Amino acid sequence: MESDSETNNGTQDKQEDMSFVKSTAEIEETLRLFRIHTDNVKPLTYALYSTEPLDKPSEQFMILEADDHILKSIEAGECVSFRGELDEPAVLCSGTRSYEVKEAETSSTCLLIPSIDEMEAKAGDLSEKKMESVQILGVYSKYFEIRECSPKLGKLVRVLEPTAFKGLEYENTIEKSALLDWDKVKSIIQASDGEILRHIPDLLVVEMNGYFRLISFEFEARAVPLMLDLLEANSWEIDEVDKEESYDSLKEIIPKPVFECLFAKYASPSDKTKKDGTKLYKYDEEKSTKLLARMLLTGCPSNNLSDFMEAWQIGCPPALKPKEEYLYGVGIILEDDMRRKRVNLFLECDLSDNLSTRLDQLFKAKPKWTVKEITPYLEKFSTSRQDVNAILTKFARQATVNGERFYCSKHGR
Amino acid sequence: MILLKNNSKSSIPEWMAIDVHGSIKCSHHLSKILFGELYKKKDGDIVCAIGTHILEGHEIDLEKPIIILKKNLKSQYQSKNKTEADASHDIAAVIRKKLVFRSRPIMSNISSC
């Protein structure tokens, strides 16, 4: 090996990098001393040197274990970024996927060098042994790894709440500086562009005049009944809703993007078309009646079930038939000591975002649930790997009463 | 938002990692130090000579690619004053291969060479 004296003199130019490089004869001598057969060794050999101390990780680099999707996105020139605010754990987003970022550590030390395979290819065929100096570019033992996660969109509703759309007459009370545009949404929401845009209609978020706005429940509760009233006013059959005409009748009250969003939530194309071929629509019975039930229950949170069912039917257009099961997610049906049934307001969105706290809340409100009854309350925790049934199997106890399957608290009475 | 910026005109430079067990201790901090020498055998095995020690190993393909980001300290500093969208990390390289050593170092029978 070279002695240190060789490195002491000289300038910091490329020439000096050569100071570690051995001649062909020296390489062969070294191999002989190491008892390695010269013929077995490829002609190009390497002297690894560093200009930085090797006992400290390089501060200039961040090491990220990615995956093929991220790498392909970068290579294709797509936007890949870390998102979120300073106090949040980092999330890495491509155009379509989100990943949690976690720090990991290895017990070994990794040295970074340029690819020696590439150097070998560049050198071509060599007739005799040659040594090339290779600079160690960095050192690391800690790195970041990523795991694909579901987009974190809960925050979007929270940050848009203060500027929620309540109706055109309230628009001048909204602070313009508090409104969020696409750039702002992108920088604070930890989800990819594709995921944000795909999920915002489900969250009742629309883009209006360049800003992202949440449709408030108050406005939804005002607009949807007006839309449903058009059924009777125009004597439309349930599956003969004319979208164009609905919008025209209500455009004074409901702005276009809000109408589009609400209409997409409550109606879907039916099999019928108009004479000129334009599509006709059909209101979703469950969603529409559920909204009306929520409005009734918000006004009066506890009711005798049969009285409630009567009032609910009166509130609905005659073409829509409320059913007890449509209450799941907005109200719970309880039996009192006299076996009289009551319905109480119990909204999914009022419960905790933490699964175990939510299960406690659910079993406290009602000790025994059927799968169908509890599903709307647990749906948001289901993933491709764990559906509602799996969650219940894991966190609840199963019981069968009179042939019907119920779930109750794992640790309950 | 911190953008991962790819400044390379053609493909991202390819680096590799040498995985050495434990940590490295440097007794002196010269401006330039020799770490060791690498010899590649024709069967693909790698010999790394560090001082009078020999490490035998081979190249492995990484299951997941590793991206080396160069922290853009200047833009991070600026981002405090300007909008956060200005912050970015440059992509310095990608690693798909790693040299790993299978055994403990072998002491060669030479004291100097």
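Keep in mind the model is a prediction, meaning the values are calculated, not measured. Chain letters run A, B, ... following the sequence lines, proteins first, then strands; residues in each count from 1.
- Proximity to chain B (any heavy atom under 4.5 Å) is shown, for Tyr143(A), by neither the backbone nor the side chain.
- Interface residue Ile74(A): backbone and side-chain heavy atoms are both found under 4.5 Å from chain B.
- Contact of Glu120(A) with chain B is made through the side chain alone, with heavy-atom distances under 4.5 Å.
- Annotation for Arg147(A): atom CZ does not count as buried by contact number, only 12 or fewer foreign heavy atoms lying within 6.0 Å.
- The most heavy-atom pairs under 4.5 Å with chain A, out of Ile66(B), Val20(B), Asn6(B), come from Val20(B).
- Counting heavy-atom pairs closer than 4.5 Å to chain A, the top residue among Lys97(B), Glu63(B), Glu14(B), Arg96(B) is Glu14(B).
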task = List the steps, then state whether side-chain hydrogen bond (donor to acceptor under 3.5 Å, both in side chains) holds for Ser98(A) with Glu195(A).
result = CA-CA 8 Å; Ser98(A) 308; Glu195(A) 287 163 324; 2.4 Å; yes

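- For the residue pair Thr30(A) and Lys22(A), the shortest heavy atom distance occurs at OG1-NZ, 3.1 Å.
- With a 4.5 angstrom heavy-atom cutoff, Ile68(B) touches chain A via backbone and side-chain atoms both.
- Contact record, Ala49(B) with Phe34(A): CB-CE1, 3.4 Å, taken as the closest heavy-atom pair.
- Using a 4.5 Å cut-off between heavy atoms, Ile146(A) contacts chain B through its backbone alone, with no side-chain atom that close.
- Salt-bridge formation is detected for the pair Asp193(A)/Arg83(A): a Lys NZ or Arg NE/NH1/NH2 atom is positioned less than 4.0 Å from an Asp or Glu carboxylate oxygen.
- A donor-acceptor contact shorter than 3.5 Å is absent between the side chain of Thr38(A) and the backbone of Glu28(A).
- Using a 4.0 Å cut-off between a side-chain N of Lys or Arg and a carboxylate O of Asp or Glu, Glu85(A) and Lys155(A) qualify as a salt bridge.
- For chain A, the nearby parts of Ala17(B) are the backbone and the side chain; heavy atoms of each come within less than 4.5 Å.
- With respect to the salt-bridge test (charged N to carboxylate O, under 4.0 angstrom), the residues Glu78(A) and Lys72(A) do not qualify.
- With chain A as partner, the option from Lys42(B), Lys64(B), Lys41(B) having the largest number of non-hydrogen pairs under 4.5 angstrom is Lys42(B).
- Ranked by heavy-atom pairs shorter than 4.5 Å toward chain A, the options Lys5(B), Lys70(B), His21(B) are led by Lys70(B).
- Listed options Leu71(A), Leu92(A), Ile36(A) were ranked by heavy-atom pairs under 4.5 angstrom with chain B; first place goes to Leu71(A).
- Heavy atoms only, all atoms of each residue included: Lys186(A) and Met1(B) are closest at O-SD, 4.2 Å.
- With respect to the salt-bridge test (charged N to carboxylate O, under 4.0 angstrom), the residues Lys98(B) and Asp19(B) qualify.
- Within the 4.5 angstrom heavy-atom criterion, only backbone atoms of Ser107(A) (N, CA, C, O) approach chain B.
- With respect to Asp117(A) and Lys40(B), a salt bridge is recorded, a charged nitrogen being found less than 4.0 Å from a carboxylate O.
- Using a 4.0 Å cut-off between charged nitrogen and carboxylate oxygen, Glu100(A) and Lys152(A) count as a salt-bridge pair.
- Put simply, of Ile54(B), Asp90(B), Leu62(B), Leu99(B), the one with the most heavy-atom pairs under 4.5 Å next to chain A is Ile54(B).
- The choice from Ala47(A), Ser58(A), Ala66(A) that makes the most heavy-atom pairs within less than 4.5 Å of chain B is Ala66(A).
- For the options Val134(A), Thr45(A), Ile70(A), Thr106(A), heavy-atom pairs under 4.5 Å to chain B are most numerous at Thr45(A).
- With a threshold of 4.5 angstrom between heavy atoms, Glu59(B) approaches chain A through side-chain atoms but not through N, CA, C or O.
- Chain A forms more heavy-atom pairs under 4.5 Å with one residue of Leu38(B), Ile91(B), Ile12(B) than with any other, namely Leu38(B).
- Looking at Asp39(A), only its backbone comes within 4.5 Å of chain B, counting heavy atoms on both sides.
- Of the two parts of Ile116(A), the backbone and the side chain both hold a non-hydrogen atom closer than 4.5 Å to a non-hydrogen atom of chain B.
- Of the atoms belonging to Glu118(A), it is side-chain heavy atoms, and not backbone ones, that fall under 4.5 Å from chain B.
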